[in-house]
Amino acid sequence: MSEKEVKNLEEIFEARIARDEKIEPKDWMPEKYRKTHIRQISQHAHSEIVGMLPEGNWISRAPSLRRKVALLAKVQDEAGHGLYLYSACETLGISRNELYEQLHSGKAKYSSIFNYPTVTWADMGAIGWLVDGAAIINQVPLCSTSYGPYARAMIRVCKEESFHQRQGFEIMLKLANGTPEQKDMAQDALNRWWWPSLMMLGPTDAESVHTAQSMKWKLKRKTNDELRQQFIDQTVPQADLLGLTIPDPDLKWNEETGHYDFGEIDWDEFWQVVKGYGPSNKKRMKDRVGAWEEGTWVRDAAMAYAEKKEKRKNDIKRAI
Amino acid sequence: MSQNNWPLWEVFVRSKNGLEHRHFGSLHAADAEMALENARDVYTRRSEGVSIWVVESSNITASNPENNGELFEPAADKVYRHPTFYDLPDEVKHM
């Protein structure tokens, strides 16, 4: 195809998206669209899969059966969300194995929030309330993104996600109204998860390299800073309701803007964690790669069994 | 690493009797039986279905959007296939 023809196709393509038409897997798309989507959807899928690890840590130690079934169901949902997203990503012409390979080799990223350790039961509450809360704010606009398979996966994810946040808030509520030790535990979890949750919404607009293009393709509908402000504005009253203090001395309501002002985010910490130097990066990757490698024989055995069954079926057919 | 990759399957779910099976997504599985079991866990955790079909993705033949013109455009100028093409006096009821 000549350069002019490609340019023409690109214009038609951009116009379709501007008209809110969806792009489906077999449609022509610019190479950059395909690559950007593979990067974002796979990062999203990897985050769901790695996100199971910090919570999996607490399934066997949940304080009651009620908490245990809820946490199990939540972690199972995350596995499901990872699978919906991997499937959506594969429609762009990349194989599941390539995607895993990119995660395991460190080439692909996942949300940096999962590189923090979960040291007390209250962390299950804080993760559901704050981390899933921030994730929902990020994800809801994606239900109307331009790439059909991604939008459809996100609709399912969002439908299932709201229970995650509610179960987290319920854990926090119970602890905050419990013994002084339990309340301290909830406050400690809020102290540790607050700032990483704000970072989760991504670098500031000034630092964010993909924003303009992503807005055009409807991979993004609001900027990182807008999403962060929305998250803060909706979360502060919830912390008040819990009787817990958000660990930011500069946090205060601004009558003029109608939003909360907040303190400086430690972006050095964010970039350190993104680059692999967070408290749990090594452990997460070791666990993930370990699970994949130790499962090799299971995957091989299942395939060998499937082939044997198929052969037997064909032998019987031939004998008749 | 293993060279045995589980093939891709497309999953169709009937959400309740009286409705058709609808495409829900896809998954990897070693064989049809495992594809059904995995589809149950991945796509019907909240009573989304009463029946599941799985079909290996490689068995699906899809039309190419590049041929959309010749495939679908001829229908556009056949207005006589629609009831509104026919002029009838207002006195005619129930037709």
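Naming convention: chains lettered A, B, ... in sequence-line order (proteins, then strands); numbering from 1 in each chain. These numbers were taken from a predicted model, which means no experiment stands behind them.
Neither the backbone nor the side chain of A/Arg152 comes within less than 4.5 Å of any heavy atom of chain B. For a residue to count as touching a neighbouring chain, one of its non-hydrogen atoms must lie under 4.5 Å from one of that chain's; by this rule B/Ser57 does not touch chain A. Heavy atoms of B/Ala32 lying under 4.5 Å from chain A are absent altogether. With a 4.5 Å cut-off on non-hydrogen atoms, A/Phe163 touches chain B through its side chain but not through its backbone.
Interatomic distance, B/Leu8 CG to A/Thr91 OG1, rounded to the nearest 0.5 Å: 10.0 Å. Atom-to-atom distance recorded for A/Tyr305:OH and B/Glu33:CD is 6.5 Å, nearest 0.5 angstrom. In this structure, the separation between CZ on B/Arg45 and CD on A/Glu160 is 4.5 Å, given to the nearest 0.5 Å. We find the CG-NZ distance between B/Asp31 and A/Lys309 to be 4.0 Å, quoted to the nearest 0.5 Å. Taking CG of A/Asn97 as the start and NE2 of B/His28 as the end, the distance is 8.0 Å to the nearest 0.5 Å.
Side-chain N or O atoms of A/Ser87 include one that pairs as donor or acceptor with a backbone N or O of B/Ser26 at under 3.5 Å. A/Tyr84 places a side-chain N or O within 3.5 Å of a backbone atom of B/Val42 that can act as its donor or acceptor partner.
Comparing A/Arg156, A/Glu90, A/Glu24 by heavy-atom pairs within less than 4.5 Å of chain B, the highest count is held by A/Arg156.
Residues of residues 4-23 of chain A never come within less than 4.5 angstrom of chain B, heavy atom to heavy atom.
Looking at every heavy atom in both residues, B/Arg46 comes nearest to A/Asp77 through NH2-OD2, 2.5 Å.
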